[in-house]
Amino acid sequence: MANDPIHQFHINRIVPIEIGGLDFSFTNSAAFMVATAALAGGFLYLATAKRAVVPSRSQSVAEMAYDFIRNMLTDAAGKGGMRFFPLVFSLFLFVLTANLIGMFPYFFTVTSQLIVTVALALLVIGTVVVYGFMAHGLGFLKLFVPSGVPGLLVPLIVLIEVISFLSRPISLSIRLFANMLAGHITLKVFAGFVTSMSALGAVGVAGALLPLLMVVAITALEFLVAFLQAYVFAVLTCMYLNDAVHPGGH
Amino acid sequence: MFITPGYAQEAETHLDATHAETNAAHEGAPAVFPPFDSTFYPSQILWLVITFGLFYLFMKRVIMPRLGGIIEDRERRIASDLETANRMRAESDAAVAAYERDLAEARAKANAIGQEARDAAKASAEAERKRVEAGLDARLSEAQSRIDQLKASAMGEVGSIATETADAILRRLSARDIDRAAVEAAVATSRG
């Protein structure tokens, strides 16, 4: 059981709750969601508590995150995108913190649950669609008709644009989910090699060195992936929000 | 794929679990891959909505105004400091300009005073020189007139001295009485 690479994704009920036939139990997944929000929120709260003009290290980190997301959003969606600043900032920090918490051994990775990433992706796309129609009415549909396309090609282009728009929430959610899932499975499998080979005696211990090195290297890679996927999620969110702010022109 | 003993064992328990499919107590080994197990979808969505919703509100209401305020404060502080620095530099530039202007004025004044003093000194020296020269000229012409006078009187006496000398010489040489008038005539002739 200990070597099962899938075991880490199991969900266990901590406080069983059932409402109207649906299972709303407080699970280990929910616990780590709470931990993610509490850790990220608590860190930012403490880091910015002093409001120092000359920032401490933790305040610098908080300010860096703020500037980082602000630049990302203004680069992608311009000044009009700033209304979504809290959303993108929260998404980035939530995903990043969840990914990083998942890097601790025996910890649960919230973002390796498909339903979580799907929900976050639908939140982004839902925001794009709702705000797009609210701000531009039917003009939002210009999104599917790029300007300067010859009349004959318009139906084909519209078809392609619609398909690409519909595939966005899928790619946005699957990318994050699959990266976290695959990374953790790979880590677990190589770590499993180390334990099972070293159980074979001296030769096995020597042979276990290679997977051990792999585990170390993959751990480093996974830290990179944890940050990179949060970044990619935030960047794509900014680009999709740009469509809601400026549906016609790019 | 490399199947670890632990994984193989897991597969066996998995098989056992499928035999007892109706048994609800198989939390350790569900029939489907956990991320695709829809049993916990409602629970995960609910808790995600709660946690992410609170996190979003906390960010929007507390953290982001705070961070924005900190960064804005710093920018304002830097801008005001820069402004103060610029103002002080302008002030010091003005002070330097005023100092240089005063210095130039003072120098010009000093030059003027010097020039005046030099002119006055030159004028007085010139006057003195003229006075002295005038005095010298007067004495020179006085001396000249005395010289002329002396010369004229001396020249007047030269004739009588020559006559007497010639008379005396002739008396001694010839030892006879010499006509004085003749000697005088001879002297006058030789003097031309």
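Throughout, a chain's letter reflects where its sequence line sits, starting with A, and its residues are numbered from 1. Every value quoted in this text rests on a predicted model; they were computed, and no experiment measured them.
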Parallel, tilted or perpendicular: ring planes of F85(A) versus F89(A), cut at 30 and 60 degrees: perpendicular
Shortest non-hydrogen contact from I63(B) toward G41(A): CD1-O, 4.4 Å
Residue pair F108(A) / Q113(A): nearest heavy atoms and the distance that separates them: CZ-NE2, 3.3 Å
F40(B) six-ring face occupied by R13(A) cation (under 6.0 Å, within 45°): no
Side chain, backbone, both or neither of F26(A) within contact of chain B (heavy atoms, under 4.5 Å): both
Check: E222(A) main-chain N/O paired with N99(A) side-chain donor or acceptor under 3.5 Å: no
Leading residue by heavy atom contact count with chain B [cutoff under 4.5 Å; candidates I17(A), L181(A), V110(A)]: L181(A)
More than 12 heavy atoms from other groups under 6.0 Å of OH on Y231(A): no
Members of residues 67-82 of chain B whose heavy atoms come closer than 4.5 Å to chain A: L67(B), G68(B), I70(B), I71(B), R74(B), R77(B)
Over 12 foreign heavy atoms within 6.0 Å of CD, E116(B): no
Any side-chain heavy-atom pair of Y131(A) and V245(A) under 4.5 Å: yes
Minimum-distance pair of heavy atoms, taken over all atoms of Y41(B) and P35(B): OH-O, 3.1 Å
Residues E91(B), R87(B); criterion salt bridge (charged side-chain N to carboxylate O under 4.0 Å, His left out); working and verdict: CA-CA 6 Å; E91(B) 272 171 19; R87(B) 194 163 41 75; 3.8 Å; yes
Interface moiety of A40(A) toward chain B, non-hydrogen atoms closer than 4.5 Å: both
For chain B, the option from V53(A), L114(A), L87(A) that forms the most heavy-atom pairs under 4.5 Å: V53(A)
Full working for side chain to side chain contact (heavy atoms under 4.5 Å, CB included) between T48(A) and V62(B): CA-CA 10 Å; T48(A) 56; V62(B) 181; over 6 Å; no
Any M197(A) side-chain heavy atom under 4.5 Å of P211(A) side chain: yes
F58(B) versus chain A, the contacting section by heavy-atom distance below 4.5 Å: side chain
Any donor-acceptor pair under 3.5 Å from Q8(A) side chain to H184(A) backbone: yes
Rounded distance [0.5 Å steps], CE in M59(B) versus CZ in F92(A): 12.5 Å
Check: L236(A) and R175(A) side chains under 4.5 Å, non-hydrogen atoms: yes
Region of L48(B) that comes under 4.5 Å of a non-hydrogen atom in chain A: both
Worked verdict on L241(A) versus V128(A) for side chain to side chain contact (heavy atoms under 4.5 Å, CB included): CA-CA 6 Å; L241(A) 288 170; V128(A) 169; 3.9 Å; yes
Worked check of side-chain hydrogen bond (donor to acceptor under 3.5 Å, both in side chains) between Q115(B) and R118(B): CA-CA 5 Å; Q115(B) 190 65 40; R118(B) 215 173 300 131; 3.0 Å; yes
Within residues 120-145 of chain B, residues adjacent to chain A where the heavy-atom gap is under 4.5 Å: none
Proximal to chain A - members of residues 92-113 of chain B, heavy-atom separation under 4.5 Å: none
Donor-acceptor pair, side chain of T117(A) and main chain of S173(A), under 3.5 angstrom: yes
Interface residues of residues 60-77 of chain A facing chain B - heavy atom cut-off under 4.5 Å: A62(A), E63(A), Y66(A), D67(A), R70(A)
Check: T51(B) side chain, V34(A) main-chain N or O, donor-acceptor pair, under 3.5 Å: no
R66(B) (side chain) donor-acceptor with Y45(A) (main chain) under 3.5 angstrom: yes
More than 12 heavy atoms from other groups under 6.0 Å of OH on Y56(B): yes
Which of A38(A), A52(A), S29(A) touches chain B most, by non-hydrogen pairs under 4.5 Å: S29(A)
Chain B interface, residue from I115(A), L120(A), L44(A), D23(A) that has the most non-hydrogen pairs under 4.5 Å: I115(A)
Which atoms of S38(B) approach chain A - backbone, side chain, both or neither, heavy atom under 4.5 Å: neither
